[in-house]
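Let me begin by presenting the structure, written as structure tokens, before commenting on it.
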Amino acid sequence: MIRAQVIVRPRASIFDPQGDAVGRAIQHLGVSKLKQAHVGKFIELELEGDDVEAVRGQLETICKDLLSNPVIEDYVLTINGKEDLTGLAASAAKLAKRSPKAKKEKA
Amino acid sequence: MIRAQVIVRPRASIFDPQGDAVGRAIQHLGVSKLKQAHVGKFIELELEGDDVEAVRGQLETICKDLLSNPVIEDYVLTINGKEDLTGLAASAAKLAKRSPKAKKEKA
Amino acid sequence: MLDPVITPELIAKHGLTTEEFQRIKDILKREPNFTEMGIFSVMWSEHCSYKNSRLELRKFPTTGPRVLVKAGEENAGVIDIGDGWGVAFKMESHNHPSAVEPFQGAATGVGGILRDIFTMGARPVFLMNSLRFGDIRPDKPNAATNRRLLSGVVSGIAHYGNCIGVPTVGGEIYFDASYDGNPLVNVFCLGTLKTNEIQRGAATGVGNPVFYVGARTGRDGLAGAAFASRDLTEDSKADRPAVQVGDPFIEKLLLEACLELFQHPEAIVGVQDMGAAGLTCSTCETASRGNSGIEIDLALVPQREPGMTPYETMLSESQERMLVIVRAGHEATITKIFEKWDLPCALIGRVTDDGFMRVKNHGATVAEIPAKQLADEAPLYKREATRPADLDERQKLDLTSIPEADIHDVLGKLLATPDLASKRWVYRQYDHMVRVGTVTAPGSDAAVVRIPTGENAWKYLAASVDCNAHYVALEPKLGALIAVAECARNLAMTGAEPLALTDNLNFGNPHNPENFYMLQQSVDGLAEGCRAFDIPVTGGNVSLYNQSPAGPIDPTPTVGIVGIIRDVKHITPSHFQNSGDAIILIGDIGEELGASLYLREIHGLKRGRPPELNLDREKKMHDAVRSLIRLGEIRSAHDLAEGGLLVALAECAIGGTKHLGATITLDLSYSRLDAFLFGESQSRATITTRPENASALVALLELRGVPARRLGTVGGNELKVQVSGPTPHEFSWDVSSLHQIWNGALDSYLS
Amino acid sequence: MRWAVLQFPASNCDQDAFHVLKNVLAQDVEYVWHKDSSLSGADAIVVPGGFSYGDYLRCGAIARFSPIMSAVKEAAAAGKTVLGICNGFQILCETGLLPGVLVRNTSLHFRCETIPVRVENPASRFTSDYLTGQVLHLPIAHGEGHYVADEATLDSLFQHKQVLFTYSDAQGRNTPGANPNGSQRHIAGICNRAGNVLGLMPHPERASEKILGSADGLGLFTSILASHGVPQAQAA
Ligand SMILES: Nc1ncnc2c1ncn2[C@@H]1O[C@H](COP(=O)(O)OP(=O)(O)O)[C@@H](O)[C@H]1O
Ligand SMILES: [Mg+2]
């Protein structure tokens with residue numbers, strides 16, 4: 001079985017009202033150190049078979065066309081993250097890096 | 001700065017209309033091997049300071065009380081996943097393991 | 001960060017011509033800097049300045065005894081509805097943003113029109129919309145894209161309206177290949193206010209503080225007004241940073257906070273929403289209206305993202321923001337109210353007396369422009385207009401070459417077309433009942449909404465939006481005239497008399513003389529219609545450059561009319577109400593097939609001259625129906641529009657909740673049965689009444705110079721039509737099957 | 001009797017509930033702001049519909065932490081009447097005053113229309129003016145009205161007659177086609193075990209005047225009045 005995980009996140013320059021509202025709520029609950037919150041989606045897919053390469057292209061397309069809205073969102077796809085931790089690690093790093101980088105681009 | 005990532009996922013035994021709809025749509029797009037899809041949330045938080053241990057408790061509470069609803073959802077919290085990959089790896093493994101078990105519960 | 005050097009390329013990229021740039025230099029008496037050029041470019045875009053259409057708009061009648069705020073004066077016009085109450089309403093487009101990102105584009109369109117209304121001091125009480133897409137049927141080109149656009153737009157409208165709690169009570173949706181790649185999203189909002197509480201958008205009183213309230217400013221929607229003033233091209237997707245994301249939650253707070261603030265007239269001088277061109281537009285327009293100046297410091301503007309440049313801050317189109325001019329000494333009133341609502345509220349500047357819009361950043365002046373010249377003295381262009389070369393040819397219709405289709409079959413097919421099918425799939429996604437005012441829900445000729453004017457005191461408003469763009473495409477002036485007539489007719493059917501009109505002019509690139517001709521003729525048609533019905537235009541919107549690489553859209557001058565129903569007893573439904581009621585046809589039996597739905601859908605022909613319209617006859621018909629309604633003798637009334645007589649009868653049977661059949665006998669001479677049953681001749685309606693009244697009503701109508709005849713009787717499970725004449729025909733349709741076809745059609749295309 | 005209508009940021013049916021109580025039923029009613037901590041002695045509390053806090057994250061999730069909710073919990077514990085309509089129902093579930101949770105409609109679409117709703121148990125303070133099995137025509141308007149709880153909770157809800165309303169067809173049958181949102185066991189409204197806290201997705205306040213198409217919802221309010229000893233005549 002193949003397991004794929006997709007994280008969809010509002011693009012860095014795009015307003016994220018949901019993140020804002022959640023951030024305000026968290027601050028209200030006493031976490032005064034919170035600077036920012038973003039809310040995205042987490043999608044898990046299970047597919048039959050083992051041939052990761054055979055489905056990778058299809059899954060990328062699905063991420064682009066269905067699971068995310070490229071106009072306002074970015075996504076990270078990880079396939080078989082359990083066996084292949086580097087994938088998930090890379091995703092995490094990518095996600096983590098984006099924000100400061102985005103800010104740098106802007107400045 | 002502290003970065004925390006929270007994955008909120010519908011509990012295995014709970015009917016997930018969004019996951020079902022996404023699953024149907026994916027199959028419709030020709031990915032016949034898809035067995036199941038689940039849709040959850042991905043939340044990213046940025047906090048001031050560096051003292052992870054000082055905020056871990058607060059963040060766990062936020063996850064439990066605000067970000068997820070235990071009736072229908074589980075969550076995984078990762079703090080500073082970038083530096084501390086084991087955390088994220090563990091989360092992934094946790095998430096990955098749950099599904100088969102869940103299926104057993106359902107059957 | 002250094003501003004870019006102003007080069008001819010950069011000027012062109014800002015949509016400014018060499019002459020316009022020269023004019024800027026003449027106004028400033030120097031070279032503009034980058035920020036100033038950006039400011040001019042958005043204020044002088046078509047979207048903000050109407051530079052290509054303003055001369056045309058002057059043709060509209062805009063005055064009348066009920067007009068309290070005229071078109072163009074403020075963000076929306078205001079009409080007196082009596083007893084100290086007024087209504088503010090307006091229509092606005094969000095076509096280009098919706099083409100790029102349908103959900104957010106439509107949602108922010110709703111947000112924008114709501115702000116235009118509550119800036120006037122009015123509480124928004126209902127929304128409507130007028131939408132156009134390419135065809136969504138599976139066998140049509142681009143169907144999948146069109147379906148995605150439709151679903152996205154509908155959920156965007158639903159999201160914003162539902163969340164803020166303003167009901168969406170009506171609208172219209174049509175489909176045509178000309179909208180492939182360039183859908184139209186026109187949204188309408190109406191609000192109510194006490195006539196002595198109208199707010200103005202003027203900055204007066206030197207030294208008065210200028211406040212910024214609402215959402216923080218980010219980089220979203222940079223230069224959206226300029227984006228709306230360009231053709232949509234393949235590259236439009238690269239314009240994605242222009243996508244604005246709306247937050248109806250914040251808007252709801254902003255709405256309530258503003259209405260609370262307006263209860264303190266002693267503290268408020270003026271208020272202006274930040275819509276297109278955001279801070280730029282709101283500062284220079286309030287200064288211009290106040291014959292004053294304004295000075296702000298951008299460092300004081302609440303910002304969402306760090307490091308925004310003055311250019312970005314001034315041109316940002318972040319949503320849910322307002323500018324409020326407060327009377328000096330009353331600062332605490334506003335800060336307290338916005339604190340209560342947990343909204344950002346910042347003192348960003350002062351009113352001055354030197355006529356300048358002066359923008360500072362941390363004290364350093366970054367822009368200094370004469371406000372009046374920036375806001376009101378954009379160049380005006382008289383564009384060339386030429387009648388489209390192929391129009392005469394497209395109007396030709398040779399009926400002898402068109403075979404008569406099987407009537408029984410045709411009715412089912414027409415009811416299943418996306419244009420005619422029930423729009424339930426759409427409107428049940430809209431909260432159309434919140435605010436407990438919706439008396440007539442979507443699915444009737446016009447929406448009827450009651451508005452409170454005191455304790456258990458109500459006024460009843462009817463409203464409709466309409467435009468048959470096929471008619472306009474085939475004869476613009478007549479088509480626009482019919483749009484006004486049809487909209488007024490829809491109101492008359494509910495028992496309402498029209499009060500005023502708002503319009504949204506959706507056309508292609510005005511630099512093309514053929515497109516401009518369509519605009520010019522349409523404005524003539526709308527103006528003539530308004531004069532005929534004696535209703536002023538109280539505001540509207542112009543959206544040009546609606547074209548995709550395949551060409552311009554069908555010209556679509558959408559109109560929205562608001563009317564008032566004198567007494568709750570006069571509110572009349574569209575659909576059959578009781579078995580045994582007599583059905584009366586008002587108006588002539590016509591046989592005009594030009595530009596009809598029947599020709600389009602059954603024969604694939606988009607041609608012919610639209611039906612003729614006799615304004616005098618049309619008005620007489622409305623007056624007659626209203627007076628019969630007031631007599632209490634009309635049980636239901638429905639106008640004849642797309643699909644003609646047979647479709648109207650079917651709609652009376654299958655619409656609403658009762659689903660009653662009818663037996664119709666037509667002993668009339670006609671030349672073609674299809675033209676007779678599906679022709680779209682104007683000024684017609686079907687009404688029902690108690691059977692014993694039928695002949696008296698027909699006599700009354702004829703007395704008023706309105707042709708009328710009894711057609712048959714309501715009842716049974718079938719729609720039965722007997723046609724006598726040289727070759728008698730008899731048709732019957734099962735009402736529940738017709739209902740099924742009509743009710744399920746959109747679902748079947750969209751699921 | 002005294003009523004309180006709560007106002008959260010982006011409540012939007014607060015004025016509707018207020019209108020019905022004040023103008024249709026001539027009740028003593030006041031708005032209570034979410035930042036307040038006192039209900040100033042109200043006998044009945046309406047948690048109205050809307051999109052509190054934008055309904056971001058999950059409906060009702062953020063509203064639950066409003067200062068006023070502690071007072072609502074106390075009032076509920078003291079046996080006061082608490083009525084949560086639509087978003088109010090979601091808030092009461094998130095708060096734990098009612099079991100279960102409301103998730104996205106199965107269709108994933110917001111749905112607004114008047115539909116048949118069957119009265120399951122007329123022996124409650126919210127339904128005494130109705131009959132068992134009576135079919136009411138009530139408007140719904142929600143995107144997340146799909147009631148979810150575990151099997152044991154569902155069984156217990158039925159066993160203790162806490163399910164007051166279900167979705168049905170016009171004949172009163174719980175057919176799948178009559179379920180507008182996929183709610184488990186067709187649940188449209190439930191009360192707590194003590195019977196003083198009700199949450200329901202349909203909007204009785206939108207169906208309390210004939211001119212709006214249905215007055216079937218008025219019975220819910222008159223039932224509450226009766227249970228508080230307010231004679232019917234006074235209610236008109
Ligand atoms: N087609 C039109 N018919 C009548 N009035 C119009 C039309 N288009 C624009 N107006 C009026 O011009 C004024 C300015 O409109 P606009 O710039 O669109 O305002 P805003 O930016 O606040 O939406 C408004 O009063 C509007 O009603
Ligand atoms: Mg405006």
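Residue numbers begin at 1 in each chain, while the letters A, B, ... track the order of the sequences. Just so it is clear, the values below take in all heavy atoms, side chains as well, and ignore hydrogens, waters and symmetry mates.
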D/Gln15 versus chain C, the contacting section by heavy-atom distance below 4.5 Å: side chain
Is D/Ser107 close to chain C through its backbone or its side chain, or both, or neither, when contacts mean heavy atoms under 4.5 Å? neither
Within this structure, what is the OG1-CG distance for the pair C/Thr108 and C/Leu114, rounded to the nearest 0.5 Å? 11.5 Å
Before accepting this row, confirm whether a basic side-chain N of the pair [X]/[Y] lies closer than 4.0 Å to the acidic partner's carboxylate O.
{"X": "C/Asp431", "Y": "D/Arg206", "answer": "yes"}
{"X": "C/Arg450", "Y": "D/Glu209", "answer": "yes"}
{"X": "C/Arg304", "Y": "C/Asp220", "answer": "yes"}

D/Leu6, D/Thr95, D/Ile91 screened by side-chain contact (heavy atoms from CB on, under 4.5 Å) with D/Val72, the one that passes: D/Leu6
Given D/Leu220, D/Leu218, D/Val20, the one that forms side-chain contact (heavy atoms from CB on, under 4.5 Å) with D/Pro204: D/Leu220
Heavy-atom pairs under 4.5 Å with chain D - which of C/Ile250, C/Val434, C/Leu253, C/Val154 has more of them than the others? C/Val434
Option that, when pairs with chain D are counted at under 4.5 Å, heavy atom only, ranks first among C/Lys340, C/His159, C/Arg428, C/Lys252: C/Arg428
Once you measure the plane-to-plane angle for D/Tyr53 and D/His34, does it fall in the parallel (<30°), tilted (30-60°) or perpendicular (>60°) bin? perpendicular
Parallel, tilted or perpendicular: which describes the rings of C/Tyr427 and C/His432, with under 30° parallel and over 60° perpendicular? perpendicular
Please examine the side chains of C/Met322 and C/Cys258, heavy atoms only from C-beta on, and report whether any two atoms are closer than 4.5 Å. yes
Among residues 133-141 of chain D, those lying within the under-4.5 Å heavy-atom range of chain C are D/Pro139, D/Ala141
When the 4.5 angstrom heavy-atom criterion is applied to C/Val166 and chain D, the contacting part is neither
Need one label for C/Leu255: side chain, backbone, both or neither, based on atoms under 4.5 Å from any heavy atom in chain D. neither
